[in-house]
Each structure stands twice: as C-alpha cells, then as structure tokens.
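What you see is a predicted model, and the numbers here were worked out from it, not measured in a lab.
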Amino acid sequence: ICVLGVLYAAPNLFNSKTLEGIPSWLPNKQINLGLDLQGGAHLLLEVDTSKVRELRLESFIGDVRQGLRGAKPPIRYRGLGKVGANAIRVCVLDAADLDTARQQVRRAADGTEITVDGNCVRATLTEETLRDIQSSTLTQSMEIVRKRIDELGTREPTIQRQGGDRIILQLPGESNTERIKKLLQTDAVLTFHLLCPQISPAQPAPLGCTWLQSSDEKDASGNPIRFLVRKKVEVGGSNLVDAQGTFQESQPVVSFRFDSAGARRFCRITRNNVQKPFAIVLDNEVISAPVIREPICGGSGIISGRFTVQGANDLAVWLRAGALPAKIVVIEERTVGPGLGADSITAGKIASIGAIILVVLFMAFAYGGFGLMSDVALAINMVLIAGALSILQATLTLPGIAGIVLTVGMAVDANVLIFE
C-alpha cells in the first residue's frame with residue numbers, strides 16, 4: 001500500500017509536459033487544483049422560463065382547437081389565443097355550446113384553472129404548474145450545461161443550483177470565458193428543411209414559407225444572403241445521436257448520425273427530392289443549403305460551411321449535448337487570476353512545511369526513537385493522502401490545504417497518547 005501511494009503521488013512532482021511522455025499504463029494523474037488555487041472562471045447564469053411557458057400555452061391552443069373542431073357537432077368559436085403571459089381564452093358563438101367547450105378546454109389544458117366569463121372560457125396556469133415548469137426547466141438546463149461543459153474536457157467543474165432560476169458555474173483553469181458564454185447561450189436547435197421556389201428577397205414570403213438569413217454567406221453588399229425556407233421541419237435535431245468535428249477535403253466539417261427513426265425520415269426526404277436544395281438550419285439561421293445529389297439512406301451525413309476547426313468542434317458539442325429548453329443569460333462573471341492562486345499555493349506550502357518540520361522536531365525531541373517512528377508514519381500518511389487525491393481526481397482547494405495541515409498535527413495524536 002505504501003509503495004502504491006508513492007507511485008500514485010509521484011506524478012505531482014513533475015510538470016504536465018513531462019507526464020505526456022510517460023506510458024499510459026503508469027500512474028500519470030495529478031491532483032486537480034480548485035478555482036481558488038489555479039484561477040479560472042465563475043459565472044452566474046439565469047434561466048429564462050418565459051419561452052417554455054409560451055410553448056406550453058401554444059400546445060394548449062393547438063389541443064383546444066383540435067378538440068373544438070372534433071366535437072360532435074363541431075363547436076363554432078372565435079378569439080382562440082393567449083391572454084397575458086399565463087393564460088389562454090376562447091369564446092363560443094353559441095351559448096348552448098359553453099359547457100361542452102369548457103370540458104374540451106379542461107381536457108386539453110392540464111394544470112390550469114378554468115373560469116367562465118360570458119361566452120368565453122379562460123384557462124390560467126396554476127401556481128403549482130408554474131413552479132413545476134420553472135423547476136423542470138432549470139433541472140433540464142443544468143443537465144444540458146453539464147453535458148456541454150463536459151464535452152470541453154474541463155476538469156472538475158462546479159455546477160450548482162441557486163434559487164429557483166439560477167445556476168452557478170465554476171471552471172478551474174478556464175480563461176476563455178467568451179467561448180464558454182457562447183457555448184452556453186446558444187440554443188442549438190437544429191432542423192432540416194426543404195427550400196421554397198426562390199423569389200426576390202423584397203417580396204413577402206408565400207404561405208408555408210419564411211425568409212431565413214445565412215449564418216456566414218454574404219452578398220456583394222456585405223449583407224447576409226437570405227433563403228426562402230419551408231416552415232415544415234422535415235427532420236429535427238432530436239433525432240441526432242452523434243456529431244463530431246472532422247475534415248473533408250482539408251476543410252473543417254461536422255459529421256452527424258441519426259437514430260433509426262431519423263434515418264428513415266432523412267432517407268425518404270432525400271429520395272423524393274433529388275437535385276433539390278436542402279437547408280440545414282441552426283437557431284433560425286441557414287448554416288448550409290446543399291443540393292441533394294442522391295438519396296442519403298445510411299443515417300449519417302456531413303454539415304459543411306465556412307467553419308473554423310474550433311467552430312466545427314463547438315457545433316458538434318452543441319448537437320451532442322442537445323438544445324437548451326430555455327434561454328440562458330449570464331448575469332455575473334468573475335475571472336480569478338492565477339496570481340491569487342499562486343499566492344495561496346505558496347502560503348499553503350509554507351504553512352504545511354512549517355507544520356511538518358515543527359511536528360517532526362517535537363516528536364523526535366520528546367520521544368526519541370519512538371518519535372522518529374511516528375515521523376515515518378506521518379510521512380507515509382502524507383504520501384497516501386496525495387496518492388488518494390490523485391487517483392480520485394479530487395479537487396484540492398485552499399480549505400483542503402488547511403485540512404492537510406490539520407492532518408499533520410492530528411496524525412500523531414494516537415502515538416502521543418501511547419507514548420505518554
């Protein structure tokens with residue numbers, strides 16, 4: 001056990017470049033230093049749940065419309081839509097249909113309080129439903145944030161919930177906060193659409209189509225090129241199971257792979273639309289609009305564009321981690337410089353070395369040979385602590401150093417009692 005402790009603690013005596021040349025089968029892990037020791041980024045994120053509420057209400061509206069039209073006989077209505085931020089309302093044309101309409105609204109709008117005002121039925125989200133939406137959205141957002149940060153290879157990030165709508169994110173050793181913020185604030189909603197017959201950008205979009213601008217292509221005037229895209233989503237990003245940054249003809253691209261359902265849908269769409277353009281849309285921007293040369297039935301494909309290597313890798317991270325359920329806003333940002341960490345490490349080293357020397361001298365002076373035996377046990381104890389921290393990849397912070405200093409004194413306690 002002592003030999004293993006020495007082997008696993010030894011990598012902490014070398015720098016990272018030296019460790020790169022050590023064979024992988026040898027111990028090569030070092031103790032992770034926390035934010036207060038090596039510096040890094042501290043971000044306070046706020047999750048905006050208003051979008052989730054809107055989507056819930058829009059879903060209710062669609063279900064209510066379907067229920068009213070599917071009733072026997074169909075119920076005539078007007079004014080179906082949102083009222084304020086937390087409610088929907090519909091008015092029936094015939095007062096005799098009011099009770100049936102109320103039942104349809106109650107069935108379609110779960111988690112709401114139903115009220116009647118004249119010939120109108122109103123469904124308002126209850127306080128419990130609003131709390132559930134907020135809690136589930138925050139939990140889901142934390143999971144997506146964790147996946148995106150883990151994809152970067154950041155060691156020992158701290159992701160904690162604060163209150164009902166905030167997330168604390170601490171990234172030891174991370175200095176590129178702008179990339180982190182962009183990585184977290186991008187919704188990453190990927191969809192695949194067919195293009196409508198192109199018309200002049202000055203003309204309004206026909207029914208079922210919409211104008212979307214390119215993310216990187218510009219016209220002669222320097223303005224983003226606009227594409228007339230069908231609103232219907234042919235394949236959604238939820239069907240993606242993997243995405244990787246790679247190269248094609250020496251250019252950075254993103255390869256992707258669908259699940260079985262997405263692969264069948266993608267195969268059918270490409271088979272029926274050979275020689276037609278196909279738009280790949282990310283967050284309402286067209287990142288690529290290639291022409292379908294042949295049916296793609298293998299369940300995988302390539303997203304090409306004017307990517308940098310980092311841009312392709314970041315897009316792959318977004319796609320693998322999934323889309324955010326709600327918008328994330330950075331409301332506080334702090335960067336801990338390495339200078340503070342260096343001062344803390346230096347002070348901790350001085351305190352630890354001073355404590356060890358004083359304890360070793362006292363034990364040897366007070367108890368002679370038995371005291372020296374205790375000093376040997378103390379050294380082994382320190383080595384085992386360092387080895388265990390390295391194996392577990394635990395994060396060492398300034399309070400952790402204080403704990404080790406305390407351990408130096410406590411480790412000889414049993415020996416002192418026996419000697420006395």
Side-chain angles (χ1 to χ4, degrees), residues 44-146 159-168 184-189 191 208 210 231-233 236-238 283-284 322-331:
L44 181 60
L45 313 174
E46 187 173 61
V47 180
D48 183 5
T49 59
S50 59
K51 175 184 174 183
V52 181
R53 289 201 307 271
E54 289 179 7
L55 292 176
R56 178 72 64 89
L57 294 176
E58 289 175 3
S59 175
F60 287 164
I61 291 173
D63 293 341
V64 169
R65 180 183 294 111
Q66 184 177 359
L68 296 177
R69 291 177 176 177
K72 301 296 183 181
I75 299 174
R76 295 186 300 159
Y77 63 90
R78 61 179 173 83
L80 175 59
K82 291 187 293 185
V83 180
N86 301 323
I88 64 171
R89 184 180 63 181
V90 61
C91 299
V92 297
L93 300 181
D94 188 349
D97 295 328
L98 186 60
D99 287 338
T100 306
R102 182 174 55 193
Q103 294 175 7
Q104 293 290 345
V105 172
R106 186 184 303 278
R107 185 179 299 114
D110 187 31
T112 61
E113 181 181 355
I114 308 298
T115 56
V116 176
D117 182 14
N119 285 355
C120 297
V121 180
R122 180 183 180 124
T124 306
L125 294 171
T126 64
E127 290 296 326
E128 182 180 1
T129 302
L130 291 173
R131 286 195 299 269
D132 289 343
I133 291 175
Q134 187 175 38
S135 178
S136 61
T137 303
L138 185 62
T139 300
Q140 188 178 355
S141 298
M142 287 182 65
E143 286 303 313
I144 299 299
V145 168
R146 189 181 305 279
I159 304 175
Q160 295 178 339
R161 180 173 183 162
Q162 185 182 71
D165 60 352
R166 293 183 178 182
I167 302 171
I168 294 177
L184 297 177
Q185 292 178 308
T186 299
D187 293 338
V189 178
T191 51
T210 183
K231 291 182 179 180
K232 180 183 177 182
V233 176
S238 59
D283 293 343
N284 292 322
L324 285 168
K327 184 177 180 61
I328 284 183
V329 180
V330 179
I331 60 175

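Between Thr112 and Ala123, the shortest heavy-atom contact is OG1-CB, 3.7 Å. Between Thr129 and Gly111, the closest heavy-atom pair is OG1-O, 2.7 Å. The two residues Gly164 and Gln134 come nearest to each other via the heavy atoms O-CG, 3.4 Å. Looking at every heavy atom in both residues, Thr126 comes nearest to Glu113 through CG2-N, 3.8 Å. Residues Val92 and Ala101 share a closest heavy-atom pair of CG1-CB, 3.5 Å. When every heavy atom of Ala108 is checked against every heavy atom of Asp63, the shortest pair comes out as CB-CB, 3.6 Å.
Once rounded to the nearest 0.5 Å, the distance linking CD1 of Ile114 with OG1 of Thr124 reads 8.0 Å. Taking CG of Asp48 as the reference point, atom CD1 of Ile328 lies at 10.5 Å (rounded to 0.5 Å). Leu98 contributes atom CG, which lies 9.5 Å from atom SG of Cys91 (distance to the nearest 0.5 angstrom). Put simply, CZ on Arg65 and OH on Tyr77 are 5.0 Å apart, with the number rounded to the nearest 0.5 Å. One finds the CD1 atom of Ile168 at 4.0 Å from the CD atom of Gln162 (value rounded to the nearest 0.5 Å). Here Ser50 contributes atom OG and Asn86 contributes atom CG; the two are 10.5 Å apart, rounded to the nearest 0.5 Å.
Residue pairs meeting the side chain to side chain donor-acceptor pair (under 3.5 Å) criterion with at least one partner in residues 99-110, sequence neighbours excluded, are Asp99-Arg102, Gln104-Arg107.
Side-chain atoms of Lys327 and Lys51, non-hydrogen and from C-beta on, never get closer than 4.5 Å to each other. In this structure, Leu125 and Leu57 have side chains that are in contact, with non-hydrogen atoms separated by less than 4.5 Å.
For the side chain to side chain contact (heavy atoms under 4.5 Å, CB included) with Arg122, the lone residue among Val116, Val83, Asp117, Val105 that qualifies is Val83. Exactly one residue among Leu138, Leu45, Ile331 makes a side chain to side chain contact (heavy atoms under 4.5 Å, CB included) with Arg166. That residue is Ile331.
Side-chain atoms of Ser136 come within 3.5 Å of backbone N or O of Asp132 as a donor-acceptor pair.
More than 12 heavy-atom neighbours from other residues, nucleotides or ligands sit within 6.0 angstrom of CZ on Arg53. With a 6.0 Å radius and a threshold of 12 heavy atoms from other residues, nucleotides or ligands, Gln66 has its CD atom at or below the threshold.
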